[in-house]
Amino acid sequence: MDYNFQEIEQKWQAEWEKQGAYHVSNQSDKKPFYVLDMFPYPSGAGLHVGHPLGYIASDIYSRYKRLCGFNVLHPMGFDSYGLPAEQYAIQTGQHPEKTTMQNIARYVEQLKKIGFCYDWDREVKTCDPSFYKWTQWAFRLMFNSYYDTKLQKARPISELIAQWEANDPTWKSLSEKEQQERLMNYRIAYLSDTKVNWCPKLGTVLANDEVSEGLSVRGGYPVEQRVMRQWSLRVSAYAGRLLEGLDRIDWTDSLKDTQRNWIGRSEGAEMQFQIKGQDTPFTIFTTRADTVFGVTFMVLAPESEYVSRVVTDAQRAEVETYLDRCKHRTERERIADRKVTGVFTGSYAINPLTNSEIPIYISDYVLSGYGTGAIMAVPAHDSRDYAFAKHFNLPIIPLIEGADVSEESFDAKEGKMINSGFLNGLEVKEAIAKMKEYITNTGIGRVKVNYRLRDAIFSRQRYWGEPFPVYYKDGMPYVLPEDQLPLTLPEVSDFKPTEDGQPPLGNAKDWTYEGYPLELCTMPGFAGSSAYYLRYMDNHNDKALVDKEVNKYWRQVNLYIGGTEHATGHLIYSRFWNKFLYDLGYICEDEPFQKLINQGMIQGRSNFVYRYIGEGATGNLYVSYNLIDNPEYKDKVQPIHVNVNIVKNDILNIQAFRDWMPEYKHAEFVYADGTTDQDNPYLGAPAEKQYICGWAIEKMSKSMFNVVNPDDVVAQYGADTLRLYEMFLGPLEMSKPWDTNGIDGVHRFLRKFWNMYENVSNDEPTADELKSLHKLIKKITWDIENFSFNTSIPAFMIAANELGKCNKRAILEPLAILIAPYAPHIAEEAWHRCGNTTFVIDAAWPVCNEAYLEEATIKYPIQFMGKVKFTLDIAKDATKEEIEKIVMNDEQTLKQLAGNTPKRVIVVPGRIVNIVV
RNA sequence: GCCGCGGUGGUGGAAUCGGUAGACACGAAGGACUUAAAAUCCUUUGGCCAGUGAUGGCUGUGCGGGUUCAAGUCCCGCCCGCGGUACCA
């Protein structure tokens, strides 16, 4: 009987739905396990084969855990607010909600076809008011909270007010507006004038992680710096905890490193420098306190508040010209053009150790947002200061013995100090410590830890996002009462900004609360994705984000699978958001994602045809790839992307190519053998009569005609083949091109597998058959637990080969269970064919039964490359020499040396290969 | 520049604790079946050398060293590729 995958898959998908097979309850005696995929943004293009890669992996793991007897939460939802839907709305006038809902429907349909075991009852959409009620709720909570630096956690701001009421007489004397202004400096969600990344083309501000090399990540438009009044989240308060928390979670080293880098902890010192002729000093930050003796000038960031204090009248005009220039440079220009620029302020500072007078400059190589926006420059030991000193002819004093600073600075933190007073002779590291001690004792400065992580800018001047639950009274923001949530997104007459430059919500009618104007900005994309994993636990609850008892049951995401591109965005924000909710007692775990796996990207594999453009070219002749380096065609062909769906194993379907686009209707070909016969059949043509396409690995995109739709693969091969094949492509974490060249092999295997279940018998299995099965059980269990899904498929193939025509129930039943996580449809049908009328969702993974495995391995010792592994006893206290002796001797000696403590020794005939001591 | 990851046949990739490198699949070649093709099945397939043959020998995991009875795997020094980040003092 043929393997009719379409029939099987439709049948079981319908059956699962009918039975509610994947419905997950919050009440269960079973142990909980939470497996989560990063939810997608539903784009208009639909899913391509790259998207399901991580979903398949998490689905395998979920199904495995379920088979092992866990209650597995495995939900899916949609990150459905975002720029593309809005851009589309501006272009077409279609409401973003409409297109978003259409896209979601399409995504759901595509996902269901692949046979995922999601509990669709728990689906969430970030643009749904019942969902964003809780996004607004959290924002409101952040507005009403502050970060207590002593307790190192968030507390209700009412506690701070109570403290001031009790201890701070000035508090009561302040007007309400003044009180609100003071509180704004403490709120975790706060409004302030901030230097922001403004993208004129997108008409909105962007967070730091949404900008890369001076261009917007979405769209690639230039970004400039601008000061605007914006909402921000005080993420920086959590920098220390975000860093330290990484040590307690099971993420890959590379991802942790990316986050550590982004958080950017650096230990240094803040130091005060007096300004000549002024009373108040200014403060700088340095990690090289040891180099104070070599400071020959100071530099301020152009935006530094110190600037106005130190500019002399004589220099004012020049400074203002420079500041004006800095203001108009975009981030990108600044990065691209690294020429040394700067201007002298006219003032001098006093080096607190040498008492010498040093000039104060302004330069944009100093950043206002980091440290204090002011530095002490040590040209001998910092390459940037060096370049500046050379440009302005400032003195360079070497501080480390043997350092040659005539051509470049010596930046390494090693060597012995010279020219440094009481530090002379010390190693750099000792000198840093000694100087820190000195400045602390003398009060010149203090030890300080600085973080690179900035507060997250939370306003977006866009329409398609969560409205802020905020209204303005007397120019100050207030949050809506909790019972007024959700504040639903209003209809607008136009999705573009208003005539006078207000965000699109300015076009909404009656956008007020009790007569007060409501906030016109909306929240950024990461708002909705920062706590969605908590909402899945209890998505129908309208009293709380998640019920406390329910949260206590599921606790946190045990396994999170998604791409690395969220390392410095979503994965920072949601950790912050989670810690905040944890501080206030709403949830019970302070890290959201216990284990995280990054799946690689699937790139496109483009195909090309080569149009002949040499002498006498008609523009209609295409040369086979194998010939393009021949002298007659070399440099006379032009590669053209061809739709990969009309190419199979790099062989062009000629008829389909001619039908593809009108311009190819009369295409003629030079085939692999160099001939140009006209009526050449595509399939079945001998190899030399085919047209071979070239290929390249590129991003999967419509314009390169290399997008492969999973629906097409499912229609042609079935969901089980797609699932198996995506896993078979290579290790999960690795990026790899989509290449259908091997898919037939996997499909063939499934057909073979299917045939084993033709006539299931009750015969007793042979020892060899049991051995094959147990080897497989061990292998598949190891693979799944170690996320090594790609190596399971060969194991299945080998077992199927070894089992041959074995049709015994005792083998086939466990075999169906083993393959169920990977290929659930065929497994269900196979299980059914073994005589089990319904699939046993809770069937124990055979390996869970330790005794079963133990017995099996004793009875049929697992072989190693065809040779038996000996298990022998060796004395626990055997010395290295004795062991070496054993190594040199034969198996017989080994047996004689056997003692009381069992230790494993692996033997290859005539040679011992491994001793476990 | 800095940080992280990787480099294995014609291709994707195996090798899980340092233990017979190249599993499995694709592709290719040959064969069976067939009027023919598709499908299916069987054999061969890292390179070089010897042999009619079964087989044997040498070589081989980016390059150069080292540790070890044993190295794709560990250590040191390079080269190349990918990803992240970038005036962060």
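Numbered from 1 within each chain, the chains take letters A, B, ... in sequence-line order. It should be emphasised that the depicted structure is a prediction, and the values quoted were computed from it without experimental measurement.
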(Q) Using the side chain to side chain donor-acceptor pair (under 3.5 Å) criterion, which residues pair with A:Asp455? Sequence neighbours excluded. (A) A:Tyr190, A:Ser236
**Q.** Main-chain N/O of A:Phe410 paired to A:His381 side chain as donor or acceptor, under 3.5 Å
**A.** yes
Please write out each protein N/O paired with an N/O of nucleotides 12-14 of chain B under 3.5 Å, distance rounded to 0.1 Å.
| residue | atom | partner | partner atom | Å |
| --- | --- | --- | --- | --- |
| B:G12 | O2' | A:Leu729 | O | 2.9 |
| B:A14 | OP1 | A:Asn790 | ND2 | 2.8 |

Can you give me the N/O atom pairs linking the protein to nucleotides 39-45 of chain B at distances under 3.5 Å, or say none if there are none?
| residue | atom | partner | partner atom | Å |
| --- | --- | --- | --- | --- |
| B:U40 | OP1 | A:Arg751 | NH2 | 2.6 |

Q) So, A:Phe787 versus A:Tyr61, ring centres under 6.0 angstrom or not? A) yes
Listing, residues 359-369 of chain A side-chain donor-acceptor contacts under 3.5 Å, not counting sequence neighbours, or none:
| residue | atom | partner | partner atom | Å |
| --- | --- | --- | --- | --- |
| A:Ser363 | OG | A:Thr341 | O | 2.8 |
| A:Ser363 | OG | A:Tyr365 | N | 3.3 |
| A:Asp364 | OD1 | A:Thr341 | OG1 | 3.4 |
| A:Asp364 | OD2 | A:Arg329 | NH2 | 2.9 |
| A:Tyr365 | OH | A:Asp385 | OD1 | 2.7 |

**Q.** Partners meeting salt bridge (Lys or Arg N to Asp or Glu O under 4.0 Å) with A:Lys448 (sequence neighbours left out)
**A.** A:Glu270
Q.
In whole Å, measure the gap between the P atoms of B:G12 and B:G1 for me.
A. 28 Å
Q.
Could you tell me how far apart A:Asp382 (CG) and B:C2 (C1') are, to the nearest whole angstrom?
A. 14 Å
Q: Answer with yes or no after comparing the ring centroid distance for A:Phe297 and A:Phe392 against a 6.0 Å cut-off, counting only values under it.
A: no
Please tabulate, for side-chain N and O atoms in residues 372-379 of chain A, each donor-acceptor pair with protein atoms closer than 3.5 Å (sequence neighbours left out).
| residue | atom | partner | partner atom | Å |
| --- | --- | --- | --- | --- |
| A:Thr372 | OG1 | A:Thr283 | O | 2.7 |
| A:Thr372 | OG1 | A:Ala374 | O | 3.4 |

Q) With respect to the side chain of A:Asp364, which nucleotide from B:C87, B:A86, B:C3 is positioned closest? A) B:C87
